[in-house]
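I have placed the structure first, in the form of structure tokens, so that the comments after it can refer back to it.
Please read all numbers here as calculations on a predicted model, not as lab measurements. Order of listing sets the numbers, starting from 1, for every ligand and every atom in it.
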Amino acid sequence: KKKVQQSDPPRVGLSKIFTNGVYPEGEIQPYKDDNTWRTTSEEKRYDERMAMEDPEITYQSIRRAAEVHRQVRQSARKHIRPGMTMTEIANLIEDGSRALVEETGLESGIGFPTGLSLNHCAAHYTPNAGDTNVLQSGDVLKIDIGVHVKGRIVDSAFTLNFEPTYDRLIEAVKAATDTGIRESGIDVRLGEIGGAIQETMESYEVEVNGKIYPVKSIENLSGHSIGLYQIHGGKSVQLVKNDDQTKMEEGEYFAIETFGSTGRGRVVESGECSHYAKIIDAPRVPLRLTSAKSLLKSISSNFGTLPFCRRYLDRVGESKYLLALNHLVQQGIVQDYPPLCDAKGSMTAQFEHTILLRPTVKEVISRGDDY
Ligand SMILES: O=S(=O)(c1cccs1)N(Cc1ccc(F)cc1)Cc1ncn[nH]1
Ligand SMILES: [Mn+2]
Ligand SMILES: [Mn+2]
Ligand SMILES: [Mn+2]
């Protein structure tokens, strides 16, 4: 049988390429100071075999999502250039993701809105309809892509620049994220990881037009555990030293993400909101507003508890939904996630990977040869 090749831009579904249903493993890291106990223990190897066989937690789902992520981001890096509108960039990425993951209802598809935060904005910006913003050559663009298969979400992000000014900032954040990944492990306290991330991050400085800026960890952003169809699983991994004694546990998925800044090292909500998500255990309040009732039905059937953005409502045929959407937010049924920005004029960068704490090893699921 002839081997099927991926197209450029990528549009061939991965099940046509990985015809045996086996997808590439991520980067395998032994647990730190664990020497070989977990890797060799019979009991742990048994636990792993059971996990592999359980259709609900099969590793193939998350690995398929990760391979989609790698191929889409490779194409993004190749094609995104100053002069493109943010909307063109979002569509380029999302068309690729939907095609490669072979989007099928809530079975597989986009994990959350494509983050395209610029410059002093660190997270949760994606264009709404009518956004005419154009990428500039001096911009620092955080590309945060989500892909899910059977509710297993890969949350991974990288930073693009087109001029060398902020190369050191980008280097600092890549190093800090790798520190966070290295320090993660079963029974590790979340506070310990925060301290290590901050130490790496703040060992860097960046020179901009003759002025030296120390790189700061953004103290009110964090990594997070990830659940089934649940981008935020309830545990947060801070980017600064703290005494959170909560431990990481075997079988948990984590998004290890760090953000560096030349500004205050703190973000505030700023600008028009695009990102939303149904709150998992939202109170069942009787909705008086009929339009809110029908919008909620559309959100539940199209996205479930996965985050979505206004463009996704547009594409499933919703219109004139803002009043209803704001009502759902105000009733505590839908969470809004406005853009999170440091001071105007400052610069922020992000790197993020999704890791899985397997019984025997730590797997950096979203690792590629790019980052
Ligand atoms: O800031 S978060 O809300 C958060 C961090 C810690 C606890 S909750 N957030 C989760 C999220 C929220 C909305 C989305 F559309 C996608 C993800 C982190 C994140 N944003 C992008 N990638 N990762
Ligand atoms: Mn091409
Ligand atoms: Mn992310
Ligand atoms: Mn994340």
Side-chain angles (χ1 to χ4, degrees), residues 62 65-66 69 72-73 76 90 93-94 97 109-117 121-128 141-148 151-159 173 176-177 180-181 184 190 193-194 197 217-227 229-240 242 244 246 248 252-259 266-270 273-280 299 302-313 325 329 334-342 348-356 364-366 371:
I62 190 105
H69 197 284
V72 168
R73 76 202 196 200
I93 290 168
E94 291 163 6
S97 292
I110 288 180
F112 53 81
T114 307
L116 294 173
S117 304
C121 285
H124 300 162
Y125 163 82
T126 198
N128 287 328
L141 171 63
K142 276 69 71 182
I143 299 182
D144 199 335
I145 300 172
V147 182
H148 88 88
R152 291 289 166 205
I153 307 167
V154 168
D155 178 2
S156 179
F158 63 105
T159 300
V173 181
T177 296
I181 292 168
S184 296
L190 302 182
I193 303 170
I197 287 170
S217 251
I218 296 185
E219 63 187 24
N220 61 338
L221 286 177
S222 57
H224 50 99
S225 55
I226 307 176
Y229 292 97
Q230 194 176 3
I231 189 58
H232 181 270
K235 292 182 182 177
S236 293
V237 185
Q238 290 187 59
L239 313 185
V240 292
N242 66 92
D244 185 349
T246 311
M248 291 188 157
E252 281 186 320
Y253 293 85
F254 274 90
I256 301 297
E257 59 189 300
T258 73
F259 294 84
R266 262 192 84 72
V267 289
V268 293
E269 298 184 349
S270 164
C273 190
S274 55
H275 287 49
Y276 303 85
K278 212 170 79 166
I279 293 172
I280 302 267
I299 290 166
N302 285 292
F303 316 111
T305 51
L306 292 173
F308 59 94
C309 61
R310 295 191 198 178
R311 284 182 295 110
Y312 299 174
L313 290 175
L325 184 55
V329 170
V334 165
Q335 176 67 54
D336 60 341
Y337 295 91
L340 299 169
C341 307
D342 198 324
T348 63
Q350 173 197 20
F351 279 89
E352 174 174 35
H353 272 300
T354 294
I355 68 172
L356 168 58
V364 189
I365 302 271
S366 49
Y371 69 95

- [ ] Could you tell me how the ring of F308 sits relative to the ring of F303: parallel (under 30°), tilted (30 to 60°) or perpendicular (over 60°)?
- [x] parallel
Task: Polar side chain donor-acceptor pair, T114 to T126, under 3.5 angstrom - done: no
Task: Results of side chain to side chain contact (heavy atoms under 4.5 Å, CB included) for H353 - residues two or more places apart only - done: R73, S156, I181, V364, S366, R367, Y371
Task: Under 3.5 Å side-chain donor-acceptor pair for E219 and Q238 - done: no
Task: CD1 on I145 to NE2 on H69, rounded to 0.5 Å - done: 4.5 Å
TODO: Ignoring hydrogens and angles, state whether a donor on the side chain of Y337 or E269 is under 3.5 Å from an acceptor on the partner side chain.
DONE: no
Open item on the list: Side chains of P127 and R311, heavy atoms from C-beta outward: is any pair under 4.5 Å?
Closed with: yes
TODO: Would you check ligand 1 and list the protein residues that come within less than 4.0 Å of it by any heavy atom, ordered by chain and number?
DONE: F112, P113, H124, D144, D155, S222, G223, H224, I231, H232, S236, E257, H275, P307, Y337, E352
Open item on the list: Taking 2.8 Å as the distance threshold, tell me the number of protein N/O/S atoms next to the Mn ion (ligand 4).
Closed with: 4
Task: Listed partners of H232 passing side chain to side chain contact (heavy atoms under 4.5 Å, CB included), at least two apart - done: H224, S236
Task: Straight-line distance of E352 CD to F254 CZ, nearest 0.5 Å - done: 13.0 Å
